[in-house]
Protein chains: 2
Amino acid sequence: MQNKIDLKSNFGLTHEELDVTFKSYSPESMLANQYFLKQGFVSDKIGFVKEGLLRAFFYTENGEEITTHFFTTGSYIISYGSFNNQTPSKENIIAVENSELMTVNYQKQKELYLKIPQWNQICKDLADIKSREMIERTAQFQTLTATERYNLFCADFPEVIKKVSLRHISSYLGIDIATLSRIRKKR
Amino acid sequence: MQNKIDLKSNFGLTHEELDVTFKSYSPESMLANQYFLKQGFVSDKIGFVKEGLLRAFFYTENGEEITTHFFTTGSYIISYGSFNNQTPSKENIIAVENSELMTVNYQKQKELYLKIPQWNQICKDLADIKSREMIERTAQFQTLTATERYNLFCADFPEVIKKVSLRHISSYLGIDIATLSRIRKKR
DNA sequence: ACTGTTTATTGACAAAAGTCAAAAAATCAT
DNA sequence: ATGATTTTTTGACTTTTGTCAATAAACAGT
(Lines give C-alpha, C1' and ligand atoms only; values in the text may rest on other atoms or scores of the structure.)
Protein backbone atom coordinates (compact mmCIF):
# COMPACT_ATOMS: atom_id res chain seq x y z
CA MET A 1 0.00 0.00 0.00
CA GLN A 2 2.05 2.83 -1.33
CA ASN A 3 -0.21 5.58 -0.09
CA LYS A 4 -0.37 4.35 3.50
CA ILE A 5 1.93 5.94 5.98
CA ASP A 6 3.97 3.58 8.13
CA LEU A 7 5.95 5.27 10.86
CA LYS A 8 8.44 2.43 11.05
CA SER A 9 9.24 1.70 7.44
CA ASN A 10 8.49 5.13 5.97
CA PHE A 11 10.05 7.30 8.63
CA GLY A 12 12.56 4.97 10.27
CA LEU A 13 11.40 5.07 13.86
CA THR A 14 13.04 2.43 16.06
CA HIS A 15 10.98 -0.02 18.06
CA GLU A 16 11.43 2.00 21.23
CA GLU A 17 10.53 5.24 19.50
CA LEU A 18 7.39 3.63 18.13
CA ASP A 19 6.46 2.49 21.64
CA VAL A 20 6.81 6.00 23.02
CA THR A 21 4.87 7.37 20.08
CA PHE A 22 1.96 4.96 20.47
CA LYS A 23 1.74 5.77 24.16
CA SER A 24 1.14 9.39 23.19
CA TYR A 25 -1.54 8.60 20.62
CA SER A 26 -5.08 7.57 21.52
CA PRO A 27 -7.60 5.68 19.38
CA GLU A 28 -10.68 7.69 18.54
CA SER A 29 -13.84 6.62 16.74
CA MET A 30 -15.74 9.09 14.61
CA LEU A 31 -19.34 8.74 13.51
CA ALA A 32 -20.38 9.87 10.05
CA ASN A 33 -21.02 13.64 9.99
CA GLN A 34 -19.17 14.15 13.26
CA TYR A 35 -16.79 17.10 13.29
CA PHE A 36 -13.09 16.55 13.84
CA LEU A 37 -12.51 20.31 13.71
CA LYS A 38 -14.88 23.26 13.53
CA GLN A 39 -14.26 26.59 11.85
CA GLY A 40 -13.23 29.21 14.42
CA PHE A 41 -11.81 26.71 16.87
CA VAL A 42 -8.16 25.96 17.45
CA SER A 43 -7.11 22.54 16.30
CA ASP A 44 -5.81 20.82 19.42
CA LYS A 45 -4.93 17.53 17.79
CA ILE A 46 -3.41 15.65 14.93
CA GLY A 47 -5.25 12.63 13.60
CA PHE A 48 -4.06 9.63 11.68
CA VAL A 49 -6.78 7.89 9.67
CA LYS A 50 -6.60 4.17 10.46
CA GLU A 51 -9.76 3.53 8.52
CA GLY A 52 -12.41 5.76 7.02
CA LEU A 53 -12.84 9.02 5.18
CA LEU A 54 -12.98 12.66 6.26
CA ARG A 55 -13.53 15.87 4.39
CA ALA A 56 -12.25 19.42 4.92
CA PHE A 57 -14.28 22.41 3.76
CA PHE A 58 -14.92 26.10 4.31
CA TYR A 59 -17.82 28.44 3.63
CA THR A 60 -17.77 31.30 1.12
CA GLU A 61 -19.37 34.67 1.95
CA ASN A 62 -22.58 33.54 0.27
CA GLY A 63 -22.67 30.44 2.39
CA GLU A 64 -21.67 27.72 -0.05
CA GLU A 65 -19.41 24.89 1.05
CA ILE A 66 -16.07 24.58 -0.72
CA THR A 67 -14.39 21.23 -0.13
CA THR A 68 -10.63 21.57 0.14
CA HIS A 69 -9.41 18.10 0.98
CA PHE A 70 -10.30 14.46 1.47
CA PHE A 71 -8.52 12.42 4.14
CA THR A 72 -8.47 8.78 3.14
CA THR A 73 -7.27 5.72 5.06
CA GLY A 74 -3.57 6.04 5.85
CA SER A 75 -3.35 9.80 5.69
CA TYR A 76 -2.54 12.34 8.36
CA ILE A 77 -5.04 15.00 9.34
CA ILE A 78 -3.22 18.16 10.23
CA SER A 79 -4.89 21.48 9.89
CA TYR A 80 -1.91 23.59 8.94
CA GLY A 81 -2.60 27.13 9.87
CA SER A 82 -4.36 25.96 12.99
CA PHE A 83 -2.39 23.17 14.62
CA ASN A 84 1.19 24.30 14.32
CA ASN A 85 0.67 27.87 15.36
CA GLN A 86 -2.51 27.32 17.35
CA THR A 87 -4.72 29.89 15.66
CA PRO A 88 -8.45 29.47 14.99
CA SER A 89 -9.16 27.25 12.01
CA LYS A 90 -10.71 28.62 8.86
CA GLU A 91 -11.91 25.22 7.83
CA ASN A 92 -14.10 22.42 9.07
CA ILE A 93 -13.12 18.78 9.06
CA ILE A 94 -15.96 16.29 9.17
CA ALA A 95 -16.24 12.53 8.95
CA VAL A 96 -17.81 11.36 5.69
CA GLU A 97 -18.41 7.89 7.12
CA ASN A 98 -17.71 6.15 10.43
CA SER A 99 -13.94 6.29 10.86
CA GLU A 100 -11.19 5.09 13.15
CA LEU A 101 -8.43 7.53 14.01
CA MET A 102 -5.34 7.72 16.17
CA THR A 103 -5.01 11.17 17.64
CA VAL A 104 -2.52 13.12 19.69
CA ASN A 105 -2.96 16.53 21.23
CA TYR A 106 -0.80 19.57 20.77
CA GLN A 107 1.04 19.23 24.08
CA LYS A 108 1.80 15.54 23.66
CA GLN A 109 3.01 16.05 20.09
CA LYS A 110 5.33 18.82 21.30
CA GLU A 111 6.71 16.44 23.91
CA LEU A 112 7.33 13.91 21.15
CA TYR A 113 9.50 16.45 19.34
CA LEU A 114 11.71 16.58 22.44
CA LYS A 115 11.61 12.89 23.37
CA ILE A 116 12.11 11.67 19.82
CA PRO A 117 14.11 14.11 17.71
CA GLN A 118 13.24 11.98 14.69
CA TRP A 119 9.73 13.40 15.01
CA ASN A 120 11.07 16.74 13.85
CA GLN A 121 12.09 15.00 10.66
CA ILE A 122 8.79 13.17 10.35
CA CYS A 123 6.98 16.44 10.71
CA LYS A 124 9.10 17.93 7.93
CA ASP A 125 8.50 14.87 5.77
CA LEU A 126 4.76 15.03 6.31
CA ALA A 127 4.84 18.69 5.40
CA ASP A 128 6.80 17.73 2.27
CA ILE A 129 4.24 15.14 1.29
CA LYS A 130 1.39 17.62 1.76
CA SER A 131 3.39 20.21 -0.10
CA ARG A 132 3.96 17.97 -3.07
CA GLU A 133 0.27 17.06 -3.13
CA MET A 134 -0.69 20.71 -3.19
CA ILE A 135 1.81 21.56 -5.92
CA GLU A 136 0.40 18.72 -7.98
CA ARG A 137 -3.15 19.88 -7.35
CA THR A 138 -2.33 23.43 -8.36
CA ALA A 139 -0.59 22.20 -11.51
CA GLN A 140 -3.76 20.36 -12.41
CA PHE A 141 -5.78 23.56 -12.17
CA GLN A 142 -3.18 25.35 -14.25
CA THR A 143 -2.99 22.82 -17.06
CA LEU A 144 -6.13 20.65 -17.17
CA THR A 145 -9.72 21.14 -18.28
CA ALA A 146 -12.65 20.32 -16.02
CA THR A 147 -13.10 16.92 -17.68
CA GLU A 148 -9.43 16.06 -17.34
CA ARG A 149 -9.43 17.06 -13.68
CA TYR A 150 -12.44 14.88 -13.01
CA ASN A 151 -10.95 11.87 -14.78
CA LEU A 152 -7.73 12.21 -12.84
CA PHE A 153 -9.65 12.52 -9.61
CA CYS A 154 -11.52 9.29 -10.38
CA ALA A 155 -8.23 7.54 -11.05
CA ASP A 156 -6.54 8.92 -7.94
CA PHE A 157 -9.42 8.55 -5.48
CA PRO A 158 -11.76 5.81 -6.71
CA GLU A 159 -13.03 5.17 -3.18
CA VAL A 160 -13.88 8.83 -2.63
CA ILE A 161 -16.05 8.95 -5.76
CA LYS A 162 -18.22 6.18 -4.35
CA LYS A 163 -18.67 7.71 -0.92
CA VAL A 164 -18.92 11.45 -1.38
CA SER A 165 -21.77 13.45 -2.87
CA LEU A 166 -21.25 15.00 -6.28
CA ARG A 167 -21.54 18.55 -5.04
CA HIS A 168 -18.54 18.07 -2.75
CA ILE A 169 -16.49 16.71 -5.61
CA SER A 170 -17.70 19.55 -7.80
CA SER A 171 -16.56 22.21 -5.34
CA TYR A 172 -13.29 20.35 -4.76
CA LEU A 173 -12.58 20.37 -8.50
CA GLY A 174 -13.88 23.91 -9.04
CA ILE A 175 -16.56 22.75 -11.48
CA ASP A 176 -20.23 23.70 -11.42
CA ILE A 177 -22.35 20.75 -10.31
CA ALA A 178 -24.51 20.78 -13.46
CA THR A 179 -21.38 20.74 -15.62
CA LEU A 180 -19.89 17.92 -13.59
CA SER A 181 -23.08 15.91 -13.86
CA ARG A 182 -22.84 16.16 -17.65
CA ILE A 183 -19.13 15.31 -17.65
CA ARG A 184 -19.85 12.23 -15.59
CA LYS A 185 -22.66 11.10 -17.89
CA LYS A 186 -20.29 11.06 -20.87
CA ARG A 187 -17.89 8.52 -19.37
CA MET B 1 6.56 45.57 5.70
CA GLN B 2 4.17 42.86 6.66
CA ASN B 3 5.23 40.46 3.97
CA LYS B 4 8.92 40.61 4.75
CA ILE B 5 10.40 37.90 6.89
CA ASP B 6 12.44 39.01 9.85
CA LEU B 7 14.20 36.23 11.71
CA LYS B 8 14.44 38.25 14.88
CA SER B 9 10.99 39.77 15.22
CA ASN B 10 9.00 37.18 13.26
CA PHE B 11 10.61 34.04 14.54
CA GLY B 12 12.06 35.14 17.88
CA LEU B 13 15.71 34.34 17.39
CA THR B 14 17.96 35.80 20.08
CA HIS B 15 20.90 38.00 19.21
CA GLU B 16 23.33 35.12 19.60
CA GLU B 17 21.19 32.78 17.53
CA LEU B 18 21.04 35.40 14.79
CA ASP B 19 24.84 35.67 14.85
CA VAL B 20 25.26 31.92 14.45
CA THR B 21 22.65 31.91 11.71
CA PHE B 22 24.27 34.70 9.72
CA LYS B 23 27.62 32.96 9.92
CA SER B 24 26.04 29.99 8.17
CA TYR B 25 24.43 32.06 5.42
CA SER B 26 26.37 33.58 2.52
CA PRO B 27 25.40 36.51 0.30
CA GLU B 28 24.90 35.58 -3.32
CA SER B 29 24.21 37.79 -6.31
CA MET B 30 22.12 36.52 -9.18
CA LEU B 31 22.02 37.97 -12.67
CA ALA B 32 18.75 38.13 -14.59
CA ASN B 33 18.01 34.77 -16.27
CA GLN B 34 20.51 32.95 -14.09
CA TYR B 35 19.30 29.65 -12.66
CA PHE B 36 19.04 29.18 -8.91
CA LEU B 37 17.93 25.58 -9.43
CA LYS B 38 17.68 23.41 -12.52
CA GLN B 39 15.21 20.61 -13.17
CA GLY B 40 16.79 17.23 -12.49
CA PHE B 41 19.31 18.56 -10.01
CA VAL B 42 19.14 18.27 -6.25
CA SER B 43 18.56 21.57 -4.51
CA ASP B 44 21.58 22.00 -2.26
CA LYS B 45 20.57 25.32 -0.79
CA ILE B 46 17.90 27.52 0.67
CA GLY B 47 17.79 31.14 -0.45
CA PHE B 48 16.37 34.20 1.17
CA VAL B 49 15.51 37.00 -1.26
CA LYS B 50 17.04 40.22 0.09
CA GLU B 51 16.16 42.08 -3.07
CA GLY B 52 14.88 41.02 -6.46
CA LEU B 53 12.51 38.57 -8.09
CA LEU B 54 12.75 34.91 -9.05
CA ARG B 55 10.37 32.56 -10.79
CA ALA B 56 9.79 28.82 -10.50
CA PHE B 57 8.52 26.81 -13.46
CA PHE B 58 8.37 23.34 -15.00
CA TYR B 59 7.91 22.01 -18.51
CA THR B 60 4.89 20.02 -19.69
CA GLU B 61 5.31 16.99 -21.99
CA ASN B 62 4.76 19.23 -25.02
CA GLY B 63 7.48 21.57 -23.86
CA GLU B 64 5.55 24.56 -22.60
CA GLU B 65 6.65 26.38 -19.48
CA ILE B 66 4.26 26.43 -16.55
CA THR B 67 5.15 29.01 -13.93
CA THR B 68 4.41 27.79 -10.43
CA HIS B 69 5.68 30.51 -8.15
CA PHE B 70 7.16 33.98 -7.89
CA PHE B 71 9.70 34.72 -5.16
CA THR B 72 9.57 38.40 -4.27
CA THR B 73 11.76 40.43 -1.94
CA GLY B 74 11.54 39.09 1.61
CA SER B 75 10.49 35.56 0.72
CA TYR B 76 12.25 32.27 1.27
CA ILE B 77 13.19 30.08 -1.68
CA ILE B 78 12.87 26.47 -0.67
CA SER B 79 12.21 23.85 -3.26
CA TYR B 80 10.11 21.47 -1.20
CA GLY B 81 10.36 18.06 -2.69
CA SER B 82 14.00 18.68 -3.45
CA PHE B 83 15.69 20.38 -0.53
CA ASN B 84 14.28 18.62 2.49
CA ASN B 85 14.59 15.11 1.17
CA GLN B 86 17.39 15.78 -1.31
CA THR B 87 15.74 14.35 -4.42
CA PRO B 88 16.10 15.76 -7.95
CA SER B 89 13.98 18.83 -8.51
CA LYS B 90 11.06 18.77 -10.92
CA GLU B 91 11.15 22.50 -11.27
CA ASN B 92 13.48 25.27 -12.35
CA ILE B 93 14.05 28.45 -10.40
CA ILE B 94 15.41 31.38 -12.37
CA ALA B 95 16.11 35.03 -11.62
CA VAL B 96 13.70 37.37 -13.36
CA GLU B 97 15.96 40.33 -12.69
CA ASN B 98 19.29 40.87 -10.95
CA SER B 99 18.74 39.77 -7.37
CA GLU B 100 20.50 39.63 -4.02
CA LEU B 101 20.10 36.50 -1.94
CA MET B 102 21.34 35.01 1.29
CA THR B 103 21.88 31.30 0.89
CA VAL B 104 22.76 28.35 3.05
CA ASN B 105 23.56 24.82 1.94
CA TYR B 106 21.93 21.63 3.04
CA GLN B 107 24.67 20.61 5.45
CA LYS B 108 24.92 23.98 7.15
CA GLN B 109 21.16 24.24 7.52
CA LYS B 110 21.11 20.78 9.14
CA GLU B 111 23.75 21.95 11.57
CA LEU B 112 21.57 24.95 12.37
CA TYR B 113 18.76 22.61 13.38
CA LEU B 114 21.10 21.12 15.97
CA LYS B 115 22.84 24.29 17.09
CA ILE B 116 19.65 26.33 17.28
CA PRO B 117 16.61 24.20 18.09
CA GLN B 118 14.47 27.23 17.35
CA TRP B 119 15.30 26.61 13.68
CA ASN B 120 13.13 23.52 13.78
CA GLN B 121 10.25 25.78 14.70
CA ILE B 122 11.20 28.34 12.06
CA CYS B 123 11.22 25.61 9.49
CA LYS B 124 7.74 24.52 10.58
CA ASP B 125 6.55 28.13 10.51
CA LEU B 126 7.93 28.68 7.02
CA ALA B 127 6.21 25.51 5.91
CA ASP B 128 3.02 26.85 7.47
CA ILE B 129 3.30 30.11 5.61
CA LYS B 130 3.87 28.31 2.31
CA SER B 131 1.05 25.96 3.14
CA ARG B 132 -1.39 28.78 3.78
CA GLU B 133 -0.33 30.46 0.54
CA MET B 134 -0.97 27.29 -1.40
CA ILE B 135 -4.35 26.69 0.23
CA GLU B 136 -5.32 30.25 -0.65
CA ARG B 137 -4.12 29.79 -4.22
CA THR B 138 -6.06 26.57 -4.62
CA ALA B 139 -9.19 28.20 -3.19
CA GLN B 140 -8.83 30.90 -5.84
CA PHE B 141 -8.83 28.30 -8.61
CA GLN B 142 -11.83 26.63 -7.02
CA THR B 143 -13.96 29.74 -6.64
CA LEU B 144 -12.81 32.49 -9.00
CA THR B 145 -13.09 33.17 -12.73
CA ALA B 146 -10.04 33.94 -14.84
CA THR B 147 -10.74 37.67 -14.63
CA GLU B 148 -11.12 37.57 -10.86
CA ARG B 149 -7.90 35.59 -10.48
CA TYR B 150 -6.04 38.12 -12.61
CA ASN B 151 -7.40 41.09 -10.67
CA LEU B 152 -6.44 39.51 -7.39
CA PHE B 153 -2.98 38.74 -8.70
CA CYS B 154 -2.53 42.39 -9.70
CA ALA B 155 -3.58 43.48 -6.23
CA ASP B 156 -1.36 40.94 -4.47
CA PHE B 157 1.74 41.24 -6.65
CA PRO B 158 1.78 44.66 -8.29
CA GLU B 159 5.56 44.54 -8.70
CA VAL B 160 5.45 41.17 -10.44
CA ILE B 161 3.02 42.42 -13.07
CA LYS B 162 5.48 45.10 -14.07
CA LYS B 163 8.49 42.81 -14.33
CA VAL B 164 7.26 39.49 -15.69
CA SER B 165 6.09 38.70 -19.21
CA LEU B 166 2.41 38.08 -19.74
CA ARG B 167 2.87 34.48 -20.80
CA HIS B 168 4.42 33.62 -17.44
CA ILE B 169 1.52 35.24 -15.63
CA SER B 170 -0.90 33.47 -17.94
CA SER B 171 0.55 30.05 -17.18
CA TYR B 172 0.72 30.90 -13.47
CA LEU B 173 -2.98 31.75 -13.48
CA GLY B 174 -3.96 28.90 -15.78
CA ILE B 175 -5.35 31.25 -18.43
CA ASP B 176 -4.62 31.18 -22.15
CA ILE B 177 -2.40 34.09 -23.11
CA ALA B 178 -4.82 35.43 -25.72
CA THR B 179 -7.61 35.37 -23.16
CA LEU B 180 -5.44 37.10 -20.59
CA SER B 181 -4.46 39.78 -23.08
CA ARG B 182 -8.15 40.55 -23.61
CA ILE B 183 -8.87 40.51 -19.87
CA ARG B 184 -6.07 42.98 -19.33
CA LYS B 185 -7.32 45.30 -22.06
CA LYS B 186 -10.70 45.63 -20.32
CA ARG B 187 -9.27 47.06 -17.09
C1' DA C 1 -44.11 3.70 3.97
C1' DC C 2 -44.79 8.58 3.59
C1' DT C 3 -43.37 13.27 3.57
C1' DG C 4 -40.10 16.74 3.43
C1' DT C 5 -35.54 17.74 2.14
C1' DT C 6 -31.52 17.38 -0.21
C1' DT C 7 -29.08 16.01 -4.27
C1' DA C 8 -28.59 15.01 -9.15
C1' DT C 9 -30.05 15.43 -13.84
C1' DT C 10 -31.62 17.76 -17.77
C1' DG C 11 -32.93 21.49 -21.14
C1' DA C 12 -32.43 25.91 -23.13
C1' DC C 13 -29.56 29.45 -23.21
C1' DA C 14 -25.60 32.84 -22.01
C1' DA C 15 -21.12 33.80 -20.85
C1' DA C 16 -16.43 32.61 -20.43
C1' DA C 17 -12.48 30.80 -22.14
C1' DG C 18 -9.76 28.45 -25.74
C1' DT C 19 -7.93 27.92 -30.64
C1' DC C 20 -5.73 29.23 -34.70
C1' DA C 21 -3.56 32.42 -37.38
C1' DA C 22 -2.07 36.80 -38.68
C1' DA C 23 -0.44 41.35 -37.60
C1' DA C 24 1.66 44.56 -34.52
C1' DA C 25 4.73 45.69 -30.95
C1' DA C 26 8.54 45.00 -28.13
C1' DT C 27 12.99 43.06 -27.21
C1' DC C 28 17.51 41.25 -28.29
C1' DA C 29 21.93 40.60 -30.39
C1' DT C 30 25.16 41.98 -33.43
C1' DA D 1 20.46 50.97 -35.93
C1' DT D 2 18.78 46.91 -38.09
C1' DG D 3 17.23 42.54 -38.79
C1' DA D 4 15.74 38.52 -36.25
C1' DT D 5 13.25 36.76 -32.59
C1' DT D 6 10.01 36.80 -29.13
C1' DT D 7 5.96 38.54 -27.13
C1' DT D 8 1.50 40.60 -27.31
C1' DT D 9 -2.62 41.85 -29.48
C1' DT D 10 -6.46 41.16 -32.34
C1' DG D 11 -10.14 38.90 -35.26
C1' DA D 12 -13.12 35.20 -36.40
C1' DC D 13 -14.68 31.25 -34.70
C1' DT D 14 -15.39 26.95 -31.58
C1' DT D 15 -15.64 24.71 -27.44
C1' DT D 16 -16.17 24.62 -22.75
C1' DT D 17 -18.27 25.90 -18.78
C1' DG D 18 -21.75 28.31 -16.15
C1' DT D 19 -26.65 29.89 -15.12
C1' DC D 20 -31.32 29.37 -14.18
C1' DA D 21 -35.11 26.67 -13.56
C1' DA D 22 -37.68 22.64 -13.66
C1' DT D 23 -37.92 17.74 -12.95
C1' DA D 24 -36.38 13.41 -11.22
C1' DA D 25 -34.11 10.68 -7.99
C1' DA D 26 -32.19 9.65 -3.60
C1' DC D 27 -32.21 10.09 1.25
C1' DA D 28 -33.61 11.03 6.09
C1' DG D 29 -36.69 11.24 9.83
C1' DT D 30 -40.79 10.04 11.83
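In the text below, chain A, chain B and the rest are named by the order of the sequence lines, each starting its count at 1.
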Atom [atom1] of [X] and atom [atom2] of [N]: how far apart are they, to the nearest Å?
X	N	atom1	atom2	value
A/L166	C/dA8	CG	P	5 Å
B/I169	D/dT7	CD1	P	13 Å
A/D176	C/dA16	CG	P	14 Å
A/L173	D/dG18	CG	P	11 Å
B/L180	C/dT19	CG	C1'	16 Å
A/Q142	C/dA17	CD	C1'	16 Å
B/L144	D/dG18	CG	P	13 Å
B/H168	D/dT8	NE2	C1'	13 Å

The side chain of B/A146 is closest to which nucleotide in this list: D/dT19, D/dT17, C/dA17?
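Closest of the options to the side chain of B/A146: C/dA17.
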
Scan for ring pair (Phe, Tyr, Trp, His ring centres under 6.0 Å) pairs involving residues 159-187 of chain A, sequence neighbours excluded, and state none if there are none.
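Those involving residues 159-187 of chain A are A/F70-A/Y172, A/F153-A/Y172.
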
Categorize A/R184 for me: base, sugar-phosphate, or nothing, with a 4.0 angstrom heavy-atom threshold over every strand shown.
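Sugar-phosphate, backbone atoms only, no base.
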
Describe the nucleic acid contact of A/I175 in one word from base, sugar-phosphate, nothing, applying a heavy-atom distance below 4.0 Å.
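Touches sugar-phosphate only.
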
Is a side-chain donor or acceptor of [X] paired with a backbone partner of [Y] at a separation under 3.5 angstrom?
X	Y	value
A/S99	A/L53	yes
B/D44	B/Y106	no
A/Q140	A/E148	no

For B/L101 and B/F36, run side-chain contact (heavy atoms from CB on, under 4.5 Å): C-alpha distance rounded to whole Å, both residues' side-chain angles, the deciding distance at 0.1 Å, then the answer.
CA-CA 10 Å; B/L101 312 182; B/F36 179 80; 3.6 Å; yes

Would you state whether a donor and an acceptor, one from the side chain of A/R182 and one from the base of D/dG18, lie under 3.5 Å apart?
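Between D/dG18 and A/R182, which were checked side chain against base, a qualifying N/O pair under 3.5 Å is absent.
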
Does any N or O donor sit under 3.5 Å from an N or O acceptor when you compare the side chain of B/R167 with the base of D/dT9?
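Between D/dT9 and B/R167, which were checked side chain against base, a qualifying N/O pair under 3.5 Å is absent.
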
State whether [X] places a side-chain N or O below 4.0 Å from either non-bridging phosphate oxygen (OP1 or OP2) of [N].
X	N	answer
B/K185	D/dT10	yes
A/S165	D/dC27	no
B/S181	D/dT8	no
A/S170	D/dG18	no

Does B/I177 or A/I183 map to a spot on DNA chain D nearer the 5' end, using the closest nucleotide for each?
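On the 5' side of the pair lies B/I177.
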
